[in-house]
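Notes to accompany the following structure.
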Amino acid sequence: MAENVQIIQPEQLDDMLKNHEDVSVIDVRENEEVELGKIPSSIHIRLADIPERYEELDRSKQHVVVCRSGRRSVMATEFLQEHGFKAKNMVGGMLKWHGDVE
């Protein structure tokens with residue numbers, strides 16, 4: 001894992017969402033993975049599409065990047081941080097997520 005990538009635990013993100021904190025969740029999994037369930041209110045942008053679509057994201061928000069296990073989200077988080085975004089990688093990805101899914 002890149003040592004400069006900030007992280008957040010799934011439980012911390014769940015608490016932030018339950019407390020209605022202003023956080024943006026970005027799901028970088030493939031379409032078929034997202035169809036199995038995603039964190040409510042998350043934005044789906046495939047990892048491969050991040051370089052073309054990152055400008056759609058609000059630079060003033062804190063972003064949490066999610067994938068299945070936490071590997072692809074590290075790459076996306078690193079990319080967003082390099083482009084001036086406040087981004088954190090959710091450790092363990094959806095495999096460790098025990099909060100709500102839709």
Side-chain angles (χ1 to χ4, degrees):
M1 184 181 292
E3 63 257 8
N4 60 338
V5 169
Q6 293 187 326
I7 61 168
I8 186 170
Q9 297 296 326
E11 300 77 23
Q12 290 173 289
L13 176 59
D14 195 26
D15 287 343
M16 290 174 78
L17 293 171
K18 285 177 176 159
N19 293 327
H20 306 287
E21 291 181 40
D22 192 19
V23 62
S24 158
V25 181
I26 304 164
D27 192 323
V28 297
R29 296 175 299 160
E30 294 297 318
N31 297 341
E32 57 274 11
E33 293 174 289
V34 172
E35 287 171 12
L36 301 174
K38 69 181 186 79
I39 296 171
S41 81
S42 64
I43 302 163
H44 178 224
I45 304 177
R46 293 171 47 245
L47 177 62
D49 297 333
I50 290 283
E52 291 88 50
R53 294 188 56 197
Y54 76 96
E55 289 290 354
E56 297 171 22
L57 303 172
D58 184 342
R59 285 186 186 274
S60 69
K61 282 194 170 190
Q62 171 66 58
H63 300 280
V64 175
V65 186
V66 177
C67 69
R68 189 184 72 87
S69 67
R71 288 200 181 92
R72 286 172 285 179
S73 53
V74 166
M75 292 184 276
T77 302
E78 195 168 36
F79 178 90
L80 291 172
Q81 287 179 346
E82 287 169 0
H83 287 81
F85 288 85
K86 295 177 285 207
K88 293 183 179 178
N89 177 50
M90 188 177 84
V91 177
M94 290 302 285
L95 293 175
K96 299 289 185 206
W97 178 254
H98 298 295
D100 293 338
V101 292
E102 63 179 23

> When you look at Leu95 and Arg68, which way does the side-chain contact (heavy atoms from CB on, under 4.5 Å) test go after all the steps?
Replying inline: CA-CA 6 Å; Leu95 293 175; Arg68 189 184 72 87; 3.4 Å; yes

>> Apply side-chain contact (heavy atoms from CB on, under 4.5 Å) to residues Val66 and Val25 and explain how you reach the verdict.
In response: CA-CA 7 Å; Val66 177; Val25 181; 3.7 Å; yes

>> What verdict does the side-chain contact (heavy atoms from CB on, under 4.5 Å) test give for Glu78 and Asn4, after you've listed the backbone C-alpha separation in whole Å, the side-chain angles of each residue and the deciding distance to 0.1 Å?
In response: CA-CA 8 Å; Glu78 195 168 36; Asn4 60 338; 3.6 Å; yes

>> Between Ile50 and Val28, does the side-chain contact (heavy atoms from CB on, under 4.5 Å) criterion hold? Intermediate values first, please.
In response: CA-CA 8 Å; Ile50 290 283; Val28 297; 4.0 Å; yes

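Using a 30° and 60° split on the angle between ring planes, Tyr54 and His83 fall in the tilted class, from 30° to 60°.
For Arg71, the CZ atom is loosely surrounded, since the number of other residues' heavy atoms within 6.0 Å does not exceed 12. Few gaps surround NZ on Lys61; more than 12 heavy atoms of other groups in view lie less than 6.0 Å from it.
For the atom pair CE of Met90 and CD of Gln9, the computed distance is 9.5 Å after rounding to the nearest 0.5 Å. Taking CD of Glu11 as the reference point, atom NE2 of His98 lies at 7.0 Å (rounded to 0.5 Å). Note that OG1 of Thr77 is 11.0 Å distant from NZ of Lys88, once rounded to the nearest 0.5 Å. Note: Ile26 CD1 to Ile39 CD1 = 11.5 Å, rounded to the nearest 0.5 Å. Between the CG atom in Leu47 and the SG atom in Cys67 there is a gap of 8.5 Å [rounded to 0.5 Å]. Taking CG of Asp58 as the start and CD1 of Ile43 as the end, the distance is 9.0 Å to the nearest 0.5 Å.
Using a 4.5 Å heavy-atom threshold, the side chains of Leu57 and Ile45 count as touching. Within the 4.5 Å cutoff, the side chain of Glu102 has heavy atoms near those of the Lys38 side chain. Looking only at side-chain heavy atoms (C-beta outward), Ser73 and Asn89 come within less than 4.5 Å of each other.
In the hydrophobic cluster analysis, where Ile, Leu, Val, Met, Phe, Trp and Tyr join through side-chain heavy atoms closer than 4.5 angstrom, Leu17 is grouped apart from Ile7. Cluster membership for Val64 and Val91, using ILVMFWY side-chain heavy atoms within less than 4.5 angstrom, is not shared. One hydrophobic cluster, built from ILVMFWY side chains closer than 4.5 Å, cannot hold both Phe85 and Val23; they sit in different ones.
At a threshold of 4.0 Å, the pair Arg46-Asp49 counts as salt-bridged, since one of the basic side-chain nitrogens sits closer than that to a carboxylate oxygen. The residues Arg72 and Glu33 are annotated as salt-bridged, a charged nitrogen and a carboxylate oxygen being separated by less than 4.0 angstrom.
With Asn19 contributing its side chain and Asp15 its backbone, the two residues share a donor-acceptor pair below 3.5 Å.
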